[in-house]
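Here is the structure we will look at.
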2 protein chains.
Amino acid sequence: MNLRELSERLNLSQTTVSRALNGYPEVNEATRKRVADAARLYNYRPNIRARTLATGRAMSIGHIIPFSKQSEMVNIVFADFIAGAGEVYSTHGYNMSLSVVRDEDELSAYRGVAEKGAVDGIIVHSPARNDPRIAFLADLDIPFLVHGRASEVTTPYSWLDVNNTRAIETGTQYLLDLGHHRIGLINGQERMDFAQRRRDGYLSALRSAGIAADETIMRSGEMNEPYGYTSTLDLLENDSPPTALVTSSIVPALGIRRALEERGLKMGRDISVLCYDDEISYLPNGCDAPIFTAMRSSVRNAGRRCAEMLIEQINSATPELRTELWDAELVIGTSTGPLLSSV
Amino acid sequence: MNLRELSERLNLSQTTVSRALNGYPEVNEATRKRVADAARLYNYRPNIRARTLATGRAMSIGHIIPFSKQSEMVNIVFADFIAGAGEVYSTHGYNMSLSVVRDEDELSAYRGVAEKGAVDGIIVHSPARNDPRIAFLADLDIPFLVHGRASEVTTPYSWLDVNNTRAIETGTQYLLDLGHHRIGLINGQERMDFAQRRRDGYLSALRSAGIAADETIMRSGEMNEPYGYTSTLDLLENDSPPTALVTSSIVPALGIRRALEERGLKMGRDISVLCYDDEISYLPNGCDAPIFTAMRSSVRNAGRRCAEMLIEQINSATPELRTELWDAELVIGTSTGPLLSSV
DNA sequence: GAATCACTTCAAAGCGCTTTGGATAGCAGA
DNA sequence: TCTGCTATCCAAAGCGCTTTGAAGTGATTC
């Protein structure tokens, strides 16, 4: 059943039927009701492809998920971000178009998705420090918004980011205040912008405390549980092992916890651990009280807000760019404690 | 630049240009080259909306992600499944259309997405035992495939599932063989089909060992880390605490580990833990050797295969249904060991 | 020289909607 | 009676592509 058939059965024009169904004012209420009843009766649903062609709007937002054959790893925060964004999309009548593309194909995938009408806007995930995607999308002249930032990119663009530098600076400072001066860093991959900024924050806190950075207790890598585990074991072998650790996510923190427990060290007493907590839904940081002392910011909320900002940008007549910088919140758990002189 | 403009510049018909670009044989090679060059020069990209309207194919697969306001939790395996499926889609020229919809809206979202042309097929996630979506989609007459099964549904449908019953039966049997006879179950939500089947497998193994099931050491709930933790603490308070635990995912298993370590119990010696391992990319079960003894099946591979099966079904002239039942593999880790008489 | 054929190319008809620019009718006001 | 207005409704023109059915061109065959 399409619009033409429906209008024929009703002895009305397609115009009137279309307007009746879409809530336009210039149609008699009695007619509207008649149309609505018939639409229900014949189980009529407008064809979305035709509608988007006619309106010029896809009502769809593209997300392109890079996927590298080597790592095979999905971004930890991806699912929760998507869930948050998806929620907002559905309340605004949008849906989400995901493309999982290999690293090397990513730019062409953007082109394919973006150039002509498949989506009305794009969200860029996990920007690297000098991310080529940003200039590329700006060229394509399609609204887009970056979750995170790309420090080395000069093209202006819309973004939402957490102040990663300040977050980790604050966290590191907290450990310094507890008396720790030998603090290890178990960071994400530092080609990623967020990881670089977190490293900056860590270094900055050390510097202002007059402590020289020591590369032998700093790690950078893909944030899974074994990475946290092996890095920790490794750091504990150091000639002068750290008394506190800072890590980029709750996932490696779980690995840290495993390593420490295996070595018989108690978190918060023998060694302090501070992590960044994205509030991943299935790995909450404890139920009532937090377990890990953490810098916390909800990635789900970030997804929600990114979606809102992008939709605003799409719908605004003058598409000025939007940026938003959030601060992570320090929450105190049981994984940190003052430096004991005995250690 | 659209097809008409491009064809005007080339002094060719739209037909010829379209055919040249889409690789049809009835076009002179010299012409084809001329068209291809011009397309590149003017940066021409076909409008996807128009194309899908004309061809009747959306080249897109829908995934509908239920989202309940209470739980806010994303399915643990979602990201990896999506990554696997997305890989296959992109090699076949499809993309993925995700809708995150509230539980109560889900059926209407299917209708909206499916009824008319937004997608060529649908993947159903996390089926419940008597899932209304299946009959609904069958009615809509659109190809769809269920990841998992719905025991109580009588409508025939395509699915790919792991033999959850056998998996957990095998796992439980392994614990029984180690001498355990007091085995707790920390299951997923049993309104979900997979959780129900796992419960069945657990019960079946106990039954064949002549052991009566004891509801006081069986739990069902949403699989996050604190759920594993609190359930374990709870089970340890039992008058006759279990000497072994079976759990539905590596995520609650992490909570179990935390609880046990907090109680000073060593996994594999004082208490045995067996989990189901979906091979989630950022929570691998150890690096080289497995940590948890587990029933293992890759959800990413499941995503890949579901995508393949659905695409086959979409493209086949006679859309017969496809089903596939996989077996999980028992891997032995360090989290299990023989029952010590002392405990 | 006419007929046949392969090879190219094209005009035009969709696909199913939205939206523009009237048309028509009824009614009040002049 | 005529005008102007409002409330309804409609015909037709897109949106930008694919695809059908046909036509033009040489070359080949009879």
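Chain naming here is simple, since letters A, B, ... match the order of the sequence lines and numbering starts at 1 in each.
When the C1' atom of D:dC5 is taken as reference, atom CD of A:E26 falls 16 Å away, rounded to whole Å. One can place CG of B:L3 at 7 Å from P of D:dT18, the figure rounded to the nearest angstrom. The nearest whole Å value for the distance from the CG atom in B:N28 to the P atom in D:dT25 is 16 Å. Distance, B:E8 CD to D:dC17 C1': 15 Å, rounded to whole Å. Atom-to-atom, CZ of A:R49 to P of D:dG14 comes out at 24 Å; the value is rounded to the nearest Å. Across the protein-nucleic acid pair, B:R51 atom CZ and C:dC17 atom P stand 21 Å apart, rounded to whole Å. In this entry the distance linking CG of B:L21 with C1' of D:dT19 reads 15 Å, nearest Å. Atom-to-atom, CD1 of A:I48 to P of D:dC15 comes out at 22 Å; the value is rounded to the nearest Å.
Of all nucleotides listed (D:dC9, C:dA12, C:dT18), D:dC9 comes nearest to the side chain of A:T16. Taking the side chain of B:A50 as heavy atoms from C-beta on, and the options D:dT20, D:dC17, C:dG16, the nearest nucleotide is D:dC17. Set against D:dC10, C:dG16, D:dG16, the side chain of A:A54 has C:dG16 as its closest nucleotide. Of the candidates C:dT9, D:dC15, C:dT18, the closest approach to any side-chain atom of A:L53 belongs to D:dC15. Distances were taken from every side-chain heavy atom of B:R19 (C-beta onward) to each of C:dC10, C:dT18, D:dT18; the shortest belongs to C:dC10.
Taking only side-chain nitrogens and oxygens, A:Y24 never comes nearer than 4.0 Å to OP1 or OP2 of D:dC10. The phosphate of C:dG16 (OP1 or OP2) has no side-chain N or O of A:R4 nearer than 4.0 angstrom. OP1 or OP2 of D:dT18 lies within a sub-4.0 Å distance of a side-chain N or O belonging to B:N22. Taking side-chain N and O atoms only, A:T52 has no distance below 4.0 Å to OP1 or OP2 of D:dC15. Neither OP1 nor OP2 of C:dC15 sits under 4.0 Å from any side-chain N or O of A:N47. Applying the 4.0 Å criterion to OP1 and OP2 of D:dC10, one finds that A:T15 has every side-chain N and O outside that range. For D:dT18, the OP1/OP2 oxygens have a side-chain nitrogen or oxygen of B:S18 closer than 4.0 Å.
Considering A:R322, A:E320, A:Q313 in turn, A:Q313 is the only one that fulfils the side chain to side chain donor-acceptor pair (under 3.5 Å) rule with A:S158.
B:Y157 and B:F144 have parallel rings, their planes meeting at less than 30° on a 0 to 90° scale where 60° marks the start of perpendicular. Between B:F81 and B:H147, the angle of the ring planes stays under 30°, which puts this pair in the parallel group of the 30/60° scheme.
Electrostatic pairing of B:R34 and B:D37 does not count as a salt bridge here, judged by no charged N lying under 4.0 Å from a carboxylate O. Salt-bridge annotation for A:R129 and A:D193: absent, with no side-chain N of the basic residue lying under 4.0 Å from a carboxylate O of the acidic one.
Looking at heavy-atom distances under 4.0 Å, B:T55 makes contact with sugar-phosphate atoms alone, never a base.
Geometrically, B:R9 engages B:Y42 in a cation-pi contact defined by less than 6.0 Å to the ring centre and at most 45° from the axis.
The 5' end of DNA chain C is approached more closely, in terms of each residue's nearest nucleotide, by B:L12 than by the other of A:Q14 and B:L12.
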